Structures are given as C-alpha cells and as structure tokens.
Amino acid sequence: MNALPKFPYHRDPRASGPLRESAEPCECCGLSRGILYSGVIYTAFDIKNLCPWCIADGSAASRFSASFFDANFCGDSGDSVSLPPEFHHDVFDRTIGFSTFNPIGWWVHCGEPAEYVSRNEPYEMIFECRICHKQHTIEDFD
Ligand SMILES: [Zn+2]
Ligand SMILES: [Zn+2]
C-alpha cells in the first residue's frame, strides 16, 4: 500500500483507523489509490468511498460537507473547551475517524487539540499534547 498522508491529530491511522484495501475509486478525487477509509462519514451525501488523501487535504470535507467524528473538545476533567473554528475543521473534518462507543471528548492541552495516539482496549483512548507531550486518557465506556 502507498504511504498514507500525515494526520497531525491522529498518530497511526493504519494501526487504529478504519481503512481498507480496495481497488475502487475514491468518490471525491476519482483515483484508485488502493486504500479507502471505511469508518463513519457524517454527511448528507450518499458516499461510501473516500481515500485518506481527500480526508487529509480537506477536499472531502469541502465537497461533501463531511466530517468524521461526533465529538467536541474537552479539558482534563472532561469539561468542554471552546477553540477557534480552524481547530474543529482540522480535527473533525480532516482527520481519519476511529470508532468509539460514545460521542467523544477530544482532549485539549496547552490551548490546542492533542494528538490521538492509540486505544488501550477496552475503554481507554490515549491522547498526547503536541506541545508539551503530556499524555492523557479519555475513557469511552460501552
Ligand atoms: Zn480521494
Ligand atoms: Zn500540553
């Protein structure tokens, strides 16, 4: 498979993200790149095949008003945090989604969304601050 584009807020989408190998074309760019996203797509359009590149560069988000998370930003104690709209766009509309049991709180530290690192099954989602590198666990119970 091709190397994936970089996702600044999702460390290893190949390990944690819903991706599938497929020869079908992406419905956004029309290219068959061998790999498609297979997670949830929040959009009013009936689309199934999106490639990670169209998610990373924002073209899927702008063409289909798509987003990939049912989430909001939160601080250390789970309290909600407001951030400028660019952060919402970069994290929720331009990041490969991963499955969760609940709408998730996306950890914020040092004034920025943290990077999603991995999931410790069954319930812990590990985030790391992109600035100070502190880690934090968000629990996602089923
Ligand atoms: Zn594409
Ligand atoms: Zn920090």
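Indexing begins at 1, ligand by ligand and atom by atom, following the structure's order. Index from 1, following the sequence. Computed from a predicted structure; not experimentally measured.
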Tracing side-chain links under 4.5 Å among I, L, V, M, F, W and Y, which residues wind up in one group with Phe141? Phe101, Tyr123
For Ile96 and Phe69, the nearest pair of non-hydrogen atoms, with its separation, is O-CZ, 3.4 Å
Less than 4.0 Å between a side-chain N and a carboxylate O, is that true for Arg11 and Glu115? yes
Shell of protein N/O/S atoms around the Zn ion (ligand 2), taken as anything under 2.8 Å: His109 ND1, Cys110 SG, Cys129 SG, Cys132 SG
How many protein N, O or S atoms are found at a distance of less than 2.8 Å from the Zn ion (ligand 1)? 4
Before giving the answer on ring pair (Phe, Tyr, Trp, His ring centres under 6.0 Å), spell out for Phe73 and His88 the whole-Å C-alpha distance, their side-chain angles and the decisive distance to 0.1 Å. CA-CA 8 Å; Phe73 291 124; His88 286 260; 4.8 Å; yes
Should Ile138 and Val81 be counted in the same cluster of Ile, Leu, Val, Met, Phe, Trp and Tyr side chains packed under 4.5 Å apart? yes
Should the pair Trp106 and Phe92 be assigned to parallel (<30°), tilted (30 to 60°) or perpendicular (>60°) ring geometry? perpendicular
side-chain hydrogen bond (donor to acceptor under 3.5 Å, both in side chains) partners for Glu24, two or more places apart: Asn49
Would you check if the side chain of Thr95 reaches a backbone N or O of Asp90 as a donor-acceptor pair within less than 3.5 Å? yes
Strictly below 4.0 Å, N to O, side chains only: are Asp57 and Arg94 in salt-bridge contact? no
